[in-house]
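One structure is given below, encoded as structure tokens.
Residue numbers begin at 1 in each chain, while the letters A, B, ... track the order of the sequences.
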Amino acid sequence: MRLTTLMGVGALCALLATGPLPAGAGEPDEAAVLHRANGAEPSSLDPQLGTGSWESNITGDLFEGLLARDAAGELIPGVAQRWDVSADGLTYTFHLRENARWSDGTPVTAGDFVYAWRRLLSPELGAAYAYLLFPVANARAINHGEQAAETLGVQAVDEHTLTVTLTRPTGYFPELLAHPSTFPVPEQAIRAHGSRWTQPGNMVSNGAFELTEWVSHGHITARRNADFHDAAGVSLQAVTYYPIDDARAALNRFRTGEMDMIDSVPTDRLDWARRSMPRALHVSPMLGTFYFAFNQREGSVLTDRRIREALNLATRRRIITERITRLDQPPAWSLVPDAIDHYDGPRFDFADSPLEERMARARQLMQDAGYSPAHPLKLTIDYITNPETRRIPVALAAMWQPLGVDVTLINSDAAVYYAKLRQGDFQIGMAPWVADYNDASNFLDLFRSGVPNNHSGYHHPAYDRLMAEAGETLDPGKRARLMADAEQRLLDDAALLPLYFYVRAVMVSPRLTGWQENPLDIHPSRWIRFRSGTGQ
Amino acid sequence: MLTYTAKRLAMAIPTLLIVITVSFFLMRVAPGGPFDGERQLPPEIENNLRAAYHLDEPLPMQYLRYMGNLLQGDFGPSFKYKDFSVTQLILQGFPVSLELGGLAIGLALIIGLPLGVIAALRRNSTVDYMVMGIALGGIAVPNFVIAPILALVFGVLLAWLPAGGWNGGALPNLVLPVIALAIQQIAYIARMMRASMIETLGSHFIRTARAKGLSERQVIWRHALRPSMLPVISYLGPAIAGIITGSVVIEQIFGLPGIGRYFVQGALNRDYTLVMGTVVFYGVLIVLMNLVVDLLYSALDPQIRYDD
């Protein structure tokens, strides 16, 4: 009896706690503080050293590049008010706004960009994203320590004019200018404080917010930067980011109202969230592909294209997204996600074939390769210890069993796993990729010969040739066609096992406006505001 | 006593040296390195980074360099958290873990000791069975089960307390993590106290005390309690060192900025300096706590003396 009463009270409380939140509309609340759950503790607040979205969420608020992003993730002018591109696509001239200021009141000049880009490429900094600037003349050689930083193809013509010379036309170059790695950094503060320049009190930034507090693994607070050129357009008084790496804990704190936004929802709470908090839940496509790499280095059994195709044919992608990942991710029949702009790529030719037909073809291919249930092929799948994805290799093993594939699963922590991947010490390995910028080349470059993230060791001269040609083509339509041809080559070779395109599930309080779903999953705080009367 | 303390502290040096040396080489032989991640670095960049952190030097040289820096109190920079030195990370996080752990162990003693005594005095009664049953439950249910339940019930459903966050150590934010940390300790202490008390109550000196005509209360308070606490005290030394250096589970579930996660995260990220810093810190605490335990022994048991 008592238990039933308690359960009743619990259920009532649950209803009250998860019920619809108040909503309103009208003028923004000027005294609002936004509480953002933000994945993990940043490894650095230096925009040139961060590598994760949890870092760029913060550095993207603290700093502004030549270009910026609006609430929909589209490119807009940032420090550069406008820019001209030469007819050959090799020279960009940026005209910087005169009212761009650092948070200490000094102007942001073209020289700040020259300093920042040379720093990003300096071998001593060891920035993982230095390669983003490789289209700039001499950037690669500088980064490899073969040339002096002064030879970089970037020049401050005057305080407010910056020219950039590229080695080849790069259609997506403006995309790179909204990435935190290419943002200006304050030379004076860096010289004065060294590696401590990112601490509150030392940091000078040029974005919509400035850093005021950083408790490692506790929270990071940034207040509105009064010197920002669009300070009047920023509604929030401050933003606090919490490095909550436990999705369940983040959900709890969203439900209690402690968090206004959380950046993930545990898979097993999705159905509950859909039922109970439909106005807060946002599930939207992201520019990312979850795929497995086949090791195609010499000596690997997976150099046999027939086996790679058979495994692709026998993989039931819909089952994985419906029963394991459960976010209704679009099944991937190619490498480049559908949501990528200005690109219409190919798909596996069997994408729409019925399962029976695919299985028959797969069995035949395996037989041709010399394998059957009577003479099974022994394979290993390497994967990372991750509660969200660890069941996928188990499902693959079951799906491939009828072909005569006997799979051994190898589970490792991330450091061991990526070391194995790098050394080519695997047969099939999980290889998720999320785009750094909205361009198909960011995915297709992964399969060029000898690039660091070509885990498969895939090597095809025709593929490299097509990608190189695309890289030098200025006409966007022709460039897209060349890249599509390259991707077709990849699919004809069954060079990878794509499973699904990423979808992101987040919760955003209905008290907020200015937050928009976008495939890059970039949500600058400067656009977010509380609906009238709902701020704190 | 002073000579004994000095001797013990001197003996701690080789102990710590062995701990540091073994940990240093164990970390380096673990597969994978600090720069192995989802985004593979170009070889040139990785070589630059390895040189910057002196990882390109022979291992014995790296060891000597580390020991040299350590002697000057420098734990080095964190590989993962690039904007902080390991010393800064520990100094920033330790007060949080100390406060949480200190409160949890205090709560565990306040509840666990009386429960153990009561269970021992009412041996084999319903009260005894109940206390020991609950204690067994406390030991059996791990804190990664208890903590989310506490957060869900008291944080989300009843909304009595915050479901997480540190908030500068405000009392409401402390309650749930302290309880989650204390439950297992309460259980251990209660069980240990009960067993020890039962053994003490069966000793000759207690029979003598009773024969002298002392009241049961006097027998327990003046004669049985102190010696019964010896096993609890020896347990408390390492337990306190463990609990005040934080708990990765509690910190993750309640989003607390303590140092508990550094050990696990440092090991997973191959953040060599952070792991070593945590090992040294934890090692020193263990040595100190064990010394305190031994000194407390002499205070509690007149038979133990550390005179020269």
Side-chain angles (χ1 to χ4, degrees), chain A residues 9-10 13-14 16-18 37 41-46 49 51 123-131 143-145 195-199 214-219 242-246 248-250 252-253 255-256 258 412-422 431-433 451-453 455, chain B residues 30-52 77-85 88-89 92-93 96 147-148 151-153 155-159 162-168 251-259 261-262 265 267-270:
Chain A
V9 172
C13 292
L16 289 173
T18 59
E41 174 70 12
S43 67
S44 175
L45 285 186
D46 184 333
L49 291 181
T51 53
E124 299 75 37
L125 188 70
Y129 275 91
Y131 76 90
N143 192 228
H144 293 181
S195 62
R196 308 252 316 138
W197 78 271
T198 53
Q199 295 298 316
W214 185 359
V215 177
S216 174
H217 289 89
H219 65 268
Y242 299 84
I244 309 178
D245 39 20
D246 183 308
R248 210 171 293 276
N252 280 346
R253 294 175 73 181
R255 290 173 67 184
T256 61
E258 290 171 57
S412 319
D413 74 55
V416 173
Y417 177 76
Y418 285 113
K420 288 177 84 174
L421 219 56
R422 186 174 55 153
W433 187 262
V451 301
N453 286 298
H455 303 305
Chain B
F35 310 120
D36 285 315
E38 193 179 320
R39 303 285 158 119
Q40 198 176 311
L41 296 172
E44 297 83 4
I45 299 280
E46 191 173 330
N47 290 341
N48 290 333
L49 282 171
R50 294 182 70 81
S78 162
F79 284 68
K80 170 79 176 174
Y81 305 112
K82 300 184 187 87
D83 298 357
F84 292 91
S85 69
Q88 283 175 320
L89 286 172
Q92 207 175 61
V96 173
L152 186 70
V153 174
V156 180
L157 300 180
L158 299 174
W166 178 238
N167 197 18
E251 286 173 17
Q252 280 199 335
I253 288 169
F254 292 106
L256 305 170
I259 58 170
R261 66 182 79 208
Y262 291 155
Q265 281 186 353
L268 288 176
N269 294 325
R270 304 293 186 273

Next on the checklist: Given heavy-atom pairs under 4.5 angstrom as the criterion, report whether the side chain, backbone, both or neither of B/E251 touches chain A.
Outcome noted: neither

Checklist entry - Can you tell me how far CZ of A/R248 sits from CD of B/Q252, rounded to the nearest 0.5 angstrom? => result 13.0 Å

Checklist outcome for this item: The reported gap from NE2 in A/H219 to CG in B/N167 (rounded to nearest 0.5 angstrom) is 9.0 Å

Next on the checklist: Check whether A/E124 reaches the backbone of B/A52 with its side chain - one donor and one acceptor, N or O, closer than 3.5 Å.
Outcome noted: no

Next on the checklist: For B/D36 versus A/Y418, what's the shortest heavy-atom pair and its separation?
Outcome noted: C-CB, 4.0 Å

Checklist outcome for this item: Correct closest heavy-atom pair for A/R253 and B/G165 would be NH2-CA, 3.1 Å

Item to check | 4.5 Å side-chain heavy-atom contact, B/Y262 and A/H217 | outcome: yes

Item to check | Distance (rounded to the nearest 0.5 Å) between A/D413 CG and B/N269 CG | outcome: 9.0 Å

Checklist entry - What residue in A/R196, A/K420, A/H455 has the most heavy-atom pairs under 4.5 Å with chain B? => result A/R196

Next on the checklist: Measuring from atom CG of B/L49 to atom CG of A/L125, what distance do you get when rounded to the nearest 0.5 angstrom?
Outcome noted: 8.5 Å

Item to check | Nearest-0.5 Å distance that lies between atom OG in A/S44 and atom CZ in B/F84 | outcome: 9.5 Å

Item to check | Any donor-acceptor N/O pair, B/Q40 side chain to A/P452 backbone, under 3.5 Å | outcome: yes

Item to check | Main-chain N/O of B/V156 paired with A/N252 side-chain donor or acceptor, under 3.5 Å | outcome: no

Next on the checklist: If I measure from the heavy atoms of chain B, does A/D245 come under 4.5 Å with its side chain, its backbone, both, or neither?
Outcome noted: side chain

Item to check | Shortest non-hydrogen contact from A/A415 toward B/R270 | outcome: CB-CG, 3.6 Å

Item to check | Side chain, backbone, both or neither of A/A127 within contact of chain B (heavy atoms, under 4.5 Å) | outcome: backbone

Item to check | Pairwise side-chain contact, A/L421 with B/E38, heavy-atom cut-off 4.5 Å (strictly under) | outcome: no

Checklist entry - Using non-hydrogen atoms only, which part of B/L41 is less than 4.5 Å away from chain A: side chain, backbone, both, or neither? => result both

Checklist entry - What part of B/F254 lies closer than 4.5 angstrom to a heavy atom of chain A: side chain, backbone, both or neither? => result backbone

Checklist outcome for this item: Whatever's closer than 4.5 Å to a heavy atom in chain B on A/E41 counts as both

Checklist entry - Can you name the nearest heavy-atom pair linking A/S216 to B/P257, along with the distance? => result O-CB, 3.4 Å

Next on the checklist: What part of A/W197 gets within 4.5 angstrom of chain B, counting heavy atoms only: side chain, backbone, both, or neither?
Outcome noted: neither

Checklist outcome for this item: Heavy atoms of A/V215 and B/Q92 approach each other most closely as C-OE1, 3.8 Å

Next on the checklist: At a heavy-atom distance under 4.5 Å, which candidate from B/G255, B/G164, B/P31 has the highest pair count against chain A?
Outcome noted: B/G164

Next on the checklist: Using every non-hydrogen atom in the two residues, find where A/D46 and B/D83 come nearest and quote the distance to one decimal.
Outcome noted: N-OD2, 4.0 Å

Checklist entry - Side chain, backbone, both or neither: which part of B/P162 has a heavy atom under 4.5 Å from chain A? => result both

Item to check | Largest heavy-atom contact set with chain B, pairs under 4.5 Å, which of A/T198, A/D246, A/L49 | outcome: A/T198

Next on the checklist: At a 4.5 Å cut-off on heavy atoms, which part of A/Y129 comes close to chain B: side chain, backbone, both, or neither?
Outcome noted: side chain

Next on the checklist: Does any part of the side chain of A/H144, heavy atoms only, come nearer than 4.5 Å to the side chain of B/N47, both counted from C-beta?
Outcome noted: no

